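As the structure lists them, so they are numbered: ligands from 1, and atoms in each ligand from 1. Owing to the predicted nature of the structure, the values given are computational and were not obtained by experimental measurement.
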Amino acid sequence: MPIATEVHKFFALPLLDLVFEAATVHRRHHDPRSIQRCTLLSIKTGGCPEDCGYCSQSARHHTEVQASPLMDKSTVLANARRAAAAGATRFCMGAAWREVRNGPEFDDVLEMVRGVRDLGMEACVTLGMLDAGQARRLKEAGLTAYNHNLDTSESFYPQVVSTRTYDDRLRTLRHVHKAGMAVCCGGILGLGESDEDRADMLATLANLEPQPESVPINVLVHVEGTPLADRADVDALDVVRMVAVARILMPRARVRLAAGRSALSDEAQAMCFLAGANSIFFGDRLLTAPNPGIDQDEQLLVRLGLEVRHDGPAPA
Ligand code: SAM
Ligand code: DTB
Ligand code: SF4
């Protein structure tokens, strides 16, 4: 198992040597032409009691996001059908909750998960913290994976979020794994963290047992009204480096190029795919932030000779 000091060394390697190594690992474990497309939907937006410094949906920040109640199941499934028809094979639903509470809203989310699975898509949700029983109910509903990010290193975490701890995050991840679901867990670049923080986070992820099935690499989307709105932009080559180290440490995971892709050039994204990223969020919106348009992404994949399959069901 990698230890943090070994992971730190990757951050000092010449970038192209690192990318070459990552591409080699990637091609040993994956079909390098396959890029999974996932579509995100915010099923419950804003008004969140947590204080995550990057987030547009915290009730503690004054952002332009309008809070809205839980979406109804038919609207969610109409979105999922459209996403499948456009080529997405995984549908991820996010709720701005601190934690899951048992009751009618959670029952509705379980129904949404069943509905998405019935469409033949993978289903992922991100609902904040959950306990063992709630994890079991999500598993019974057919959930493929639960997304719960560590965001950054344990030591930098308190500078980003104060309303929960790193251990809270790790506990939820254990409940997800014990219930038999895949763990989707990654982080964000551009919060003000150092290379050591990046290395520490990747070491923590790679030491999870089992390793996450899916590792989203987000780049901070600067949201006006949040405490981190003025952080410096991330160098695109540092995103490539992060993807490469994630790929080397977690050879079997899907490494997802997540938030912040709108700010990456086509060429930077191409380098990320070479370095082992093999999934993108697909659709003009992430949860509240914009994402490249479907046509633009399809053209990029075609130009790179990557697989663009339309294997979802027909639109309703
Ligand atoms: N409330 C749940 C939670 O925090 O676990 C789920 C929703 S939350 C929006 C999902 C993830 O999106 C966060 O953990 C964070 O990694 C990412 N995220 C949120 N806002 C972001 C931003 N402005 N830029 C980049 N990533 C962001
Ligand atoms: C993840 O790591 N990134 C996605 C998904 N998991 C839920 C969310 C990105 C959110 C970006 C900011 C927004 O749309 O508000
Ligand atoms: Fe709430 Fe999640 Fe945003 Fe944090 S990241 S404020 S928990 S919605």
Ignoring hydrogens and angles, tell me if any N or O in the side chain of Arg117 forms a donor-acceptor pair with the backbone of Gly142 under 3.5 Å.
yes

Element-labelled atoms of ligand 1 that are located less than 4.0 Å from some non-hydrogen atom of Ala95
1 (N), 2 (C), 6 (C)

Determine whether a donor-acceptor pair (N or O, by modelled atom type, separation under 3.5 Å) exists between the side chain of His222 and the backbone of Asp230.
no

Looking at Lys73 and Glu111, is there a salt bridge between them, counting it only when a charged N and a carboxylate O are closer than 4.0 Å?
yes

For atom 13 (C) of ligand 1, the protein heavy atom that lies nearest, with its residue and separation:
Tyr54 OH, 3.8 Å

Could you tell me if any non-hydrogen atom of Cys52 lies under 4.0 Å from any atom of ligand 1?
no

With heavy-atom distances below 4.0 Å as the criterion, list the atoms of ligand 2 near Thr288.
13 (C), 14 (O), 15 (O)

For atom 27 (C) of ligand 1, what's the nearest protein heavy atom and its distance?
Ile188 CD1, 3.8 Å

When you compare the side chains of Tyr54 and Asp151, does any donor N or O come within less than 3.5 Å of an acceptor on the partner?
yes

Using a strict cut-off of 4.0 Å, indicate which atoms of ligand 2 neighbour a heavy atom of Asn147.
6 (N), 7 (C)

Counting heavy atoms only, which of Thr126, Leu127, Leu286 comes nearest to atom 10 (C) of ligand 1?
Thr126

Check each atom of ligand 2 against the heavy atoms of Asn149 and keep those under 4.0 Å away; list them by number with element.
1 (C), 2 (O)

I'd like to check whether Val221 has a polar contact with ligand 2, where a contact means an N/O of the residue lying under 3.5 Å from an N/O of the ligand.
no

Is the side chain of Asn149 donor-acceptor paired with the backbone N or O of Gly187 at a distance under 3.5 Å, no angle test?
no

Is any NZ, NE, NH1 or NH2 atom of the basic residue among Glu99 and Arg101 found under 4.0 Å from an Asp or Glu carboxylate oxygen of the other?
yes

When distances are taken from atom 4 (C) of ligand 2, the protein heavy atom at minimum range is Leu40 CD1, 3.8 Å

Taking 4.0 Å as the limit for heavy-atom contacts, which would you say applies to Ser56 with ligand 1: side chain only, backbone only, both, or neither?
neither

So is Ala289 polar-close to ligand 2, meaning N/O to N/O under 3.5 Å?
yes

Check each atom of ligand 1 against the heavy atoms of Ala259 and keep those under 4.0 Å away; list them by number with element.
25 (C), 26 (N)

Would you say ligand 1 has an N or O under 3.5 Å from any N or O of Val221?
yes

Close-contact set for ligand 1 against Leu287 heavy atoms, below 4.0 Å
9 (C)

Going by heavy atoms, is Gly128 under 4.0 Å from ligand 1?
yes

Do the side chains of Arg82 and Asn79 get nearer than 4.5 Å, heavy atoms only?
yes

Leu286 neighbourhood, listing ligand 2 atoms whose heavy-atom distance to it stays under 4.0 Å
14 (O)

Considering only heavy atoms of Ser56, which atoms of ligand 2 have at least one such atom less than 4.0 Å away?
15 (O)

Flag, side chain of Asn147 to backbone of Thr126, donor-acceptor distance under 3.5 Å:
no

Any sub-3.5 Å donor-acceptor pair from Arg261's side-chain atoms to Phe281's backbone N or O?
yes

Quick one: nearest non-hydrogen protein atom to atom 11 (C) of ligand 2, plus distance?
Ala259 CB, 3.8 Å

Checking Arg247 side chain against Pro251 main chain: does a donor-acceptor pair fall under 3.5 Å?
yes

When only distance counts, is Asn149 in polar contact with ligand 1, meaning an N/O pair under 3.5 Å?
yes

Measuring from non-hydrogen atoms of Val219 to any atom of ligand 1, is the shortest distance under 4.0 Å?
yes

Do the side chain of Arg254 and the main chain of Glu213 share a donor and acceptor less than 3.5 angstrom apart?
no

Of Arg98, Gln57, Arg169, the one whose closest heavy atom lies nearest atom 4 (O) of ligand 1 is Arg169

Quick test of your reading of the model: are Asp297 and Arg37 salt-bridged, counting only N-O distances below 4.0 Å?
no

Nearest-contact summary for atom 16 (O) of ligand 1 - protein heavy atom, Å
Asp151 OD1, 2.7 Å

Closer than 2.8 Å to atom 1 (Fe) of ligand 3 - protein N, O or S atoms, ordered by chain and residue number
Cys48 SG

Thr126 heavy atoms within 4.0 Å reach ligand 2 at atoms 7 (C)

Region of Arg164 that comes within reach of ligand 3 [heavy atoms, distance under 4.0 Å]:
side chain

